Protein chains: 2
Amino acid sequence: MKDRAETRTLAGDAYAVIHRAIRSGLLKPGQRLRFAELQALCGMSVSPVREALVRLTAEGFTVSDDHRGFSVAPLSVAELLDIVATRKLLEGEALRLSIENGDSEWEGRLLAAHHMMSRLPRERDDLPTAIREDWDLRHADFHRILISACGSPILIELCEKLFVRADRYRRLSVSVPKQDRDVVREHERIMSCAIDRNAEEAVAALKDHYQRTADAVQRLFEMQEAL
Amino acid sequence: MKDRAETRTLAGDAYAVIHRAIRSGLLKPGQRLRFAELQALCGMSVSPVREALVRLTAEGFTVSDDHRGFSVAPLSVAELLDIVATRKLLEGEALRLSIENGDSEWEGRLLAAHHMMSRLPRERDDLPTAIREDWDLRHADFHRILISACGSPILIELCEKLFVRADRYRRLSVSVPKQDRDVVREHERIMSCAIDRNAEEAVAALKDHYQRTADAVQRLFEMQEAL
DNA sequence: GAGGATAGGATTTTCGAAAATGTCGGTGCC
DNA sequence: GGCACCGACATTTTCGAAAATCCTATCCTC
């Protein structure tokens, strides 16, 4: 049961495979990407692989240097902070709008999504990959639904892109030891404020949630740097 | 002196050519894009053309339907309003940050950019293309510089993308007759508030500026619909 | 030895054709 | 008549190799 997904084109498959390889860390930040290797990884010719890289580059997962090839986009504290600051702005506003516009069907979906997530153990290093990926999926769903009623397709699209762009950093945060946070509780608070239509509190809770993740990852970076 | 720009790859040229053709209206919203035609237009083989289309699709200028080809992204009032609302949010915040962080060198660049723009006649339908394009460039520069000191590369990147995405609509607004606006004055007001470090007023002026353009285009849409 | 030119190999980029897929109209069956 | 099936054509997608470009190591000159 391979994850990569019989999309309708090989290029789509290649995109999925490489995207996953980058997010999972199989392809490391900064690593040079050679066509020969990627073709072997994806099991296809150069054209769809190149197409996938072009798409990934447009989304910031890889960088391209004309005639010199592609490489995995590097990670940095600066980018992390920038992503988080921008997400606070965008998702904060999107959540505010969702609370304004969302109907009870939205509330229901939100409750359901949170329930699905809270039934699974919180992400940890030592969990099997399958469970962690399941948690990731549900976590992503929760945040997606949170802003889904904002009424602005562009805002949703931008938030989605920043969410996946933050993913590599988020995975890092999982391996930060002894964080004094209760992630389930954080999500719960966002949700209950939202359902209470308390926009200010909900947005504050969401921003706080992001900031905590950012702080954890930043500590990790600084620890690594100290080596 | 062809505009399209001996970039370092043919795909880059193709991107520039098609991008320009879409923005100029040579390729119309919704129009089906056949490889044969684009290859003739760009004077190259299918591979670089396809790469250009993939990039354009990632940026929202074209849409792709697997195995059925690409087409120019359609225009709609809904998208226009969404773009404007999102730009108000993003550029508003970016401007606020720029005012907070910008130094006097930034002020200088802003003054210069505004001067460059105001020396050219305001865009009008009947002006030669070259002058209009020159105005476009300077106008883009002004807005770019306005937010350039915000300190957030991601915010800048997102604003830039929305700016070009708004371009097709902006061109429409030029052909709206007898608008009671003074566009030069509007820019001037934004700039002077910014230099006075009056963030609130500057942001309000910027948002107002965008809203006026949106209103003009929306009227145009409604007129066309009434036909 | 330093620095610059250069040949050879490695890699990306582009091409032209083959393969895959979609489209459209016609044919036969109910 | 309506509808599913089939086949020819149009178009996109993918392939494998050629062309273009970059990198590296070597040689030559000073």
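Quick note on labels: first sequence line is chain A, next is B, and so on, each numbered from 1. Please read all numbers here as calculations on a predicted model, not as lab measurements. Just the heavy atoms: all of them, side chains too, but no hydrogens, waters or symmetry mates, feed the values below.
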inquiry  = Run the salt bridge (Lys or Arg N to Asp or Glu O under 4.0 Å) test against A:Glu107 and tell me which residues pass, sequence neighbours left out.
reply    = A:Arg197
ask   = Taking the six-membered ring for Trp, is the centroid-to-centroid distance between B:His209 and B:His187 below 6.0 Å?
value = yes
Side chain of [X] (C-beta onward), nearest among [options]:
| X | options | answer |
| --- | --- | --- |
| A:Arg34 | C:dC15, D:dT14, C:dT11 | C:dT11 |
| A:Arg8 | C:dG22, D:dT14, C:dG16 | C:dG22 |
| A:Phe35 | C:dG16, C:dT12, D:dT12 | C:dT12 |
| B:Thr9 | C:dT14, C:dT12, D:dT11 | C:dT14 |
| A:Met44 | C:dA17, C:dT21, D:dC15 | D:dC15 |

ask   = Any side-chain heavy-atom pair from A:Leu110 and A:Leu146 closer than 4.5 angstrom?
value = yes
ask   = Can you list the residues that meet the side-chain contact (heavy atoms from CB on, under 4.5 Å) rule with B:Arg68, with sequence neighbours excluded?
value = B:Asp65
message = Among residues at least two apart in sequence or on other chains, which ones pass side-chain contact (heavy atoms from CB on, under 4.5 Å) with B:Asp82?
response = A:Ser152, A:Pro153, A:Ile154, B:Thr86
Gap between atoms [atom1] and [atom2], on [X] and [N] respectively (whole Å):
| X | N | atom1 | atom2 | value |
| --- | --- | --- | --- | --- |
| B:Leu10 | C:dT12 | CG | P | 17 Å |
| A:Glu51 | D:dT12 | CD | P | 13 Å |
| B:Glu37 | D:dA10 | CD | P | 14 Å |
| A:Arg68 | D:dT24 | CZ | P | 11 Å |
| B:Asp65 | C:dA20 | CG | P | 21 Å |
| B:Leu53 | D:dT14 | CG | P | 14 Å |

message = Let me spell it out: for each of B:Arg32 and A:His67, pick the nucleotide of DNA chain D with the closest heavy atom. Which residue's pick is nearer the 5' end?
response = B:Arg32
task = Enumerate the residue pairs fulfilling ring pair (Phe, Tyr, Trp, His ring centres under 6.0 Å) with a member in residues 50-96 of chain B, sequence neighbours excluded, ordered by first and then second residue.
result = B:His19-B:Phe61
Short N/O separations, protein against nucleotides 7-9 of chain C, under 3.5 angstrom:
none

remark   = When B:Asp66 and A:Leu33 are each assigned the nearest nucleotide of DNA chain C, the 5'-most assignment goes to A:Leu33
Sequence neighbours excluded and cut-off under 3.5 Å, please list the side-chain donor-acceptor pairs for residues 36-44 of chain B, or say none.
none

